[in-house]
Amino acid sequence: MATKLTVLSNGSLRVEGEDIELVDAQGTPYGLGGRQRISICRCGLSKQKPFCDGSHKGHFEHDATAFDLPAPKPVV
């Protein structure tokens, strides 16, 4: 199964896959305990960042609707 990221309306970024690796700014991996699904905080309110702890409920609104990005600018 390929890794899948789902932007949830009014909530987190869900990451699903068989071999998820999440690393910090220094490249040190987080211990995910073999999980195949994690949720990443998008609101900034979680006390367990970068993971979602549900603190967003009632404090974060975003209607997650997909759209196309414009083509990247050419490298000069």
Side-chain angles (χ1 to χ4, degrees):
M1 172 168 114
T3 301
K4 177 181 174 183
L5 285 83
T6 305
V7 181
L8 300 175
S9 291
N10 304 325
S12 62
L13 178 65
R14 180 181 297 149
V15 182
E16 299 172 277
E18 292 182 9
D19 193 23
I20 299 170
E21 182 181 29
L22 180 65
V23 299
D24 66 13
Q26 291 74 41
T28 305
Y30 288 88
L32 302 179
R35 287 175 175 79
Q36 293 185 350
R37 183 171 85 178
I38 59 174
S39 292
I40 303 296
C41 176
R42 289 196 305 136
C43 72
L45 298 173
S46 176
K47 292 180 180 40
Q48 295 185 3
K49 287 184 209 79
F51 304 101
C52 177
D53 67 2
S55 294
H56 63 271
K57 291 182 179 156
H59 302 286
F60 180 72
E61 292 185 22
H62 175 258
D63 183 25
T65 303
F67 60 91
D68 293 332
L69 290 174
K73 295 179 181 177
V75 177
V76 180

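Here, residue 1 is the first one in the sequence, and each next residue gets the next number.
- A donor-acceptor pair is defined here as one N or O able to donate and one able to accept, closer than 3.5 Å; no such pair exists between the side chain of Lys4 and the backbone of Val15.
- Across all their heavy atoms, Ser55 and Asp53 have their closest contact at OG-OD1, 2.6 Å.
- In this structure, the side chain of Ser12 does not engage the main chain of Cys41 through any donor-acceptor pair within 3.5 Å.
- Taking 4.5 Å as the limit, every side-chain heavy atom of Ile38 sits out of range of all side-chain heavy atoms of Tyr30.
- Side-chain atoms of Lys57 never come within 3.5 Å of backbone atoms of Gly54 as a donor-acceptor pair (strictly under, hydrogens ignored).
- Under a 3.5 Å cut-off, the side chain of Thr6 and the backbone N or O of Leu8 do not form any donor-acceptor pair.
- Hydrophobic cluster membership is shared by Leu32 and Leu5, with clusters built from Ile, Leu, Val, Met, Phe, Trp and Tyr side chains linked at under 4.5 angstrom.
- You'll find the side chain of Ile40 reaches within 4.5 Å of the side chain of Leu22, heavy atoms only.
- Here CG of Leu45 is found 9.0 Å from CZ of Phe60. Values are rounded to the nearest 0.5 Å.
- Contact between Gly44 and Lys49 at its shortest, heavy atoms only, is O-CE, 2.9 Å.
- Taken to the nearest 0.5 Å, the SG atom of Cys43 stands 13.0 Å off from the NE2 atom of His62.
- When atom types are taken as modelled, the side chain of Ser39 and the backbone of Arg14 share no donor-acceptor pair closer than 3.5 angstrom.
- Using a 3.5 Å distance cut-off with no hydrogens or angles, the side chains of Arg42 and His56 do not pair a donor with an acceptor.
- Dense packing is recorded around CG of Asp24, with more than 12 heavy atoms of other residues, nucleotides or ligands lying under 6.0 Å away.
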